[in-house]
Colleague: 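My questions all concern the structure below.
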Amino acid sequence: MRPLLALPLILLATPALAQFPPPGIYACTGGGVPFGELTLLVAGDYSFKAADGASGSGQVASAGTDVDVLSGPLAAFHLKGAFATDDIGATTFRFTGDGGLEVICR
C-alpha cells in the first residue's frame, strides 16, 4: 500500500524538476558578438570561458524558467534572465545585465 501513497508525491514533483535549466554547453553572444561559452552543470553549478580566454565557475539559481547568476565570473554583469526549451529540445538562455547588456546563450 505504501508505494501507492508515494506515487502522487512523485507525480507532483516531476513538473518542478523539468523546469531546472538543462545541463550542457552553450555558446553565448553579447550585443551580437561572441561573449563566451557557458557550461551548465547539475544543481546550478556552471563554468564560463569568456571570448578573451578568461574562465571561472560559479552558481546560478532558477525558479521555474527564471535564472539568476549568483556567483562567479558572470555575476559581475548582474545577469538575470530566463530559458526556454523548444519542441526539439534546444534550449536558449536570454539574460540582461548592467548597462542594458543582452546575452543570449544557445
Colleague: Decide whether Leu101 and Leu38 are clustered together by the hydrophobic rule: side chain heavy atoms of Ile, Leu, Val, Met, Phe, Trp, Tyr closer than 4.5 Å, transitively.
Modeller: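 Yes; tracing contacts between hydrophobic side chains, which count when under 4.5 Å, links both residues.
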Colleague: Which atom names give the shortest non-hydrogen contact between Leu74 and Phe35, and what distance separates them?
Modeller: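 Here Leu74 and Phe35 meet closest at CD2-CE2, 3.9 Å.
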Colleague: Can you list the residues that meet the side-chain contact (heavy atoms from CB on, under 4.5 Å) rule with Glu102, with sequence neighbours excluded?
Modeller: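 Residues passing side-chain contact (heavy atoms from CB on, under 4.5 Å) with Glu102: Thr96.
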Colleague: Looking at every non-hydrogen atom in both residues, tell me the closest pair between Tyr26 and Thr91 and how far apart they are.
Modeller: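 Between these two residues, the closest heavy atoms are CE2-O, 3.7 Å.
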Colleague: How about Leu70 and Val60: do any of their side-chain heavy atoms sit closer than 4.5 Å?
Modeller: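 Counting from C-beta outward, Leu70 and Val60 never come under 4.5 Å.
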Colleague: Is there side-chain contact between Pro21 and Val67, with at least one heavy-atom pair below 4.5 Å?
Modeller: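 Yes; the side chains approach each other to less than 4.5 Å.
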Colleague: Which residues satisfy the side-chain contact (heavy atoms from CB on, under 4.5 Å) test with Asp66, sequence neighbours excluded?
Modeller: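 Per chain and number, Asp66 pairs via side-chain contact (heavy atoms from CB on, under 4.5 Å) with Ala82.
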Colleague: Quick one, Ile104 and Cys28 - any side-chain contact, counting heavy atoms below 4.5 Å?
Modeller: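 Side chain of Ile104 against side chain of Cys28, heavy atoms only: no contact under 4.5 Å found.
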Colleague: Do you know which two heavy atoms are closest between Thr85 and Pro22, and how far apart they sit?
Modeller: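 Scanning both residues, the minimum pair turns out to be OG1-CG, 4.2 Å.
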Colleague: Under a 4.5 Å cut-off applied to non-hydrogen side-chain atoms, are Lys80 and Val69 in contact?
Modeller: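 When only atoms from C-beta onward are counted, Val69 and Lys80 do not touch, as no gap falls below 4.5 Å.
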Colleague: Could you report the tightest heavy-atom contact between Tyr46 and Ser71, atom names first, then the distance?
Modeller: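 Here Tyr46 and Ser71 meet closest at OH-O, 2.7 Å.
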Colleague: Using a 4.5 Å cut-off on heavy atoms from C-beta on, say whether the side chain of Leu41 contacts that of Pro23.
Modeller: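 With C-beta onward as the side chain, the pair stays apart.
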Colleague: Any non-hydrogen side-chain atom of Phe83 less than 4.5 Å from a side-chain atom of Cys105?
Modeller: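 Answer no - side chains too far apart.
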Colleague: Check Gln59 against Ala43 and note the closest heavy-atom contact, atom names and distance.
Modeller: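 Result for this residue pair: NE2-O, 3.2 Å.
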